[in-house]
Amino acid sequence: MSRYISKQTSILIPTLREAPAEAEARSHQLLLRAGFIRQLAAGIYSYLPLGWRVLRRIESIVREEMEDAGFQELLLPAMQPAELWERSGRYGDYGAELIRLQDRHEREFVLGPTHEEVITALAAAEVNTYRKLPLRLYQIQTKFRDERRPRFGLLRGREFLMKDAYSFDRSWEDLDRTYQAARDAYRRIFTRCGLKFSMVEAEAGSIGGEGETHEFMAPAEIGEDTIVSCPACGYAANLEKAAAAAAAGERSEEEAEHQAPAIQKVATPNTRTIEEVSAFLRIPASSILKTMIYMADGEPVAAIVRGDHEVNENKLTAALGCGALELAEPQDVLKITGTPHGYAGPVGLHIPVYLDRDAVLYGGAVAGAGEAHAHVRNVVPFRDFQPAQIGDYRSVQEGDRCPNCAEALQFAKGIEVGHIFKLGTKYSSVLDAGYTDEAGREQTMIMGCYGIGISRLLSAVAEQSLGDQGMCWPLGIAPHAVHLIPVSTQDPDQAAVVDQIATELARQGVECLIDDREERPGVKFKDADLIGLPLRIVVGKRAGEGIVEWTDRRGGVRTELTWQEAVRLAAGICSTAGETL
Ligand code: ATP
Ligand code: MG
């Protein structure tokens, strides 16, 4: 049978009437019900024929665009010696997400969650002159991460498909060009996959690096990330990274020294939280200092933000330059500060204090007194305590002012489908990826890395493409373009027309799925709405006259046409689908 024609009786599409109860995300429910995927263990899935067809289409779009951007495909091992990860320092840093195992000789290995180490070691061994640079490589491969909470089906798996690309350049300027090429390729990839997305400034996380980094976000309710954006100037950032304009109206240091009265202790029985203090003293949360005690690589530090703000641990980690940052346990707070949980404050505190710039309240603020059931009023920085550093350590809030144009910032939920990084020399310096330049001097390669979650992307598209009328896959990645549905498999006229349509579509290179099952029409249509092919041709009562029902499900248009006209429409739509860019 022609590879363009698939018959439902002979392809494994185990559709389900009900979604399993554990599937929370709409895309997860759909992919299970439509028979695209099955779970083997938490966060570990089989891709069934239809799911795999979508993945392969996504992959081929990714391959085309990465090759056009000058990246060459290779395939690196999933199983990697732990020693390599020790050299980069990530064997410890990556933590519990890293899957570790031993071979029969008790040598330690890991299953790659990402491949900076392997590719950098490869470049270090195989490339040593400027003549071989720039070098741009990519692979599409299964990754392993023992996620704390695998969920939402393919959105957060423990075994998942990723496209990861790596670049090696001679200078930061050359890296800028590579980064731009990757960024443009990403835009084309997501557009061709039919995804709505935006590119946002991001935090580097455990991949690290010295330069800028951007994420590609697909807006969706289920998204675990928060996209902060400015409707006026286009500023967009992940909440982990987003900045707001500093609060206005601060007073100068000298002015504060003269004007604020001396600090004064007040009894505040049973007021551990900001809300309780605010209610008890009848003051707004914004005039209270929230003192949070953290352990940064095992050393205690205090972070202070305004009572109505939250500490942003990513910003604090970046400011501290530490690996692991954790909120101190109440018993540790007591040990470190001598203060019971809820009453810590900056006055008399003997650990470094990181003061958020919006919490520099020279007019005097209320803070924990450093003893149970008491607070202090009129606390002024520099006069009453010495901050180690003042900076932006808080998360922005909806309505805060844009850092560029002062418009009110907006929040939306998003799914991170891609992430690109300017790594600089983070890996090349420790793994000795150097080269000799034109003048014969030894140099270190400047690296970038670029990831797309292929299997997550499939789910993100499903999340966005699921409407009231069921699923509708974007044409560029649909498992098949046309669903060809005979209402009755017993009717010879219908069978003949279906045959002619399928043959003609195949001749024109259009893939179709024929529902040749002996099922009631209701069952067929229900399954078709789940499977979600974008074009549908129903062959029914009027088959004898050569008339069929045509639906372009992307716009919901349904009409009766001759079968030849339907084929012409389908072929026309499919031939222009690849030319949208
Ligand atoms: P997240 O913040 O969602 O955990 P990450 O920052 O750990 O993602 P990267 O290390 O940048 O992700 O990985 C590159 C891409 O791989 C991500 O942009 C995402 O699309 C995908 N990805 C990451 N973790 C998973 C996962 N557990 N399941 C599926 N895809 C994933
Ligand atoms: Mg992660």
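One-based numbering along the sequence shown. Excluded from the calculations below are hydrogen atoms, water molecules and symmetry mates; all remaining heavy atoms, backbone and side chain alike, are included. Order of appearance sets the numbers: ligands from 1, and atoms from 1 within every ligand.
- Not close to ligand 1: Ser455, with no non-hydrogen atom less than 4.0 angstrom away.
- Residue contact check for ligand 1: Leu154 places a non-hydrogen atom closer than 4.0 Å to it.
- Residue Ile415 places every heavy atom at 4.0 Å or more from ligand 1.
- Residue-to-ligand polar distances place Arg456 within reach of ligand 1: an N/O pair is separated by less than 3.5 Å.
- Residue contact annotation: Val417 has a non-hydrogen atom under 4.0 Å from ligand 1.
- At most 12 heavy atoms of other shown residues, nucleotides or ligands fall within 6.0 angstrom of atom CD in Glu326.
- Using a cut-off of 4.0 Å between Lys/Arg side-chain N and Asp/Glu carboxylate O, Asp176 and Lys422 are scored as salt-bridged.
- Near Glu147, meaning under 4.0 Å from one of its heavy atoms, ligand 1 places the atoms 24 (N), 26 (C), 27 (N).
- When the shell of 6.0 Å around CD of Glu221 is examined, it contains 12 or fewer heavy atoms from other residues, nucleotides or ligands.
- Residue contacts with ligand 1: Gly453 is placed with a nitrogen or oxygen under 3.5 Å of a nitrogen or oxygen of the ligand (distance criterion only).
- Between Asp356 and Arg306, none of the side-chain N atoms (NZ, or NE/NH1/NH2) sits under 4.0 Å from a carboxylate O, so this pair counts as no salt bridge.
- Ionic pairing of Arg394 and Asp400 is present here: one or more N-O contacts between side-chain nitrogen and carboxylate oxygen are shorter than 4.0 angstrom.
- For Glu159 and Lys143, the salt-bridge test fails: no basic side-chain N is under 4.0 Å from an acidic carboxylate O.
- Scanning the protein for heavy atoms near atom 31 (C) of ligand 1, the closest one is Phe160 CE1, 3.3 Å.
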Requested in this report: Give the intermediate values and the outcome of salt bridge (Lys or Arg N to Asp or Glu O under 4.0 Å) for residues Lys290 and Glu310.
Outcome: CA-CA 9 Å; Lys290 192 190 304 189; Glu310 299 297 331; 3.4 Å; yes
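- Residue-level proximity to ligand 1 for Leu155 is carried by the backbone, the only part with a heavy atom below 4.0 angstrom.
- In this structure, the protein non-hydrogen atom closest to atom 10 (O) of ligand 1 is Arg145 NH2, 2.9 Å.
- Selection from Arg151, Arg156, Glu224 by nearest heavy atom to atom 1 (P) of ligand 1 gives Arg156.
- Between Glu147 and the choices Arg158, Arg456, Arg156, the salt bridge (Lys or Arg N to Asp or Glu O under 4.0 Å) rule is met once, by Arg156.
- Residue contacts with ligand 1: Gly157 is placed with a nitrogen or oxygen under 3.5 Å of a nitrogen or oxygen of the ligand (distance criterion only).
- Annotation: atom 17 (C) of ligand 1 to nearest protein heavy atom, Glu416 OE2, 3.2 Å.
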**Report entry** Derivation and outcome, side-chain hydrogen bond (donor to acceptor under 3.5 Å, both in side chains), residues Asn238 and Glu215
**Finding:** CA-CA 8 Å; Asn238 190 317; Glu215 285 167 343; 2.6 Å; yes
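- The closest protein non-hydrogen atom to atom 16 (O) of ligand 1 is Met162 CE, 3.6 Å.
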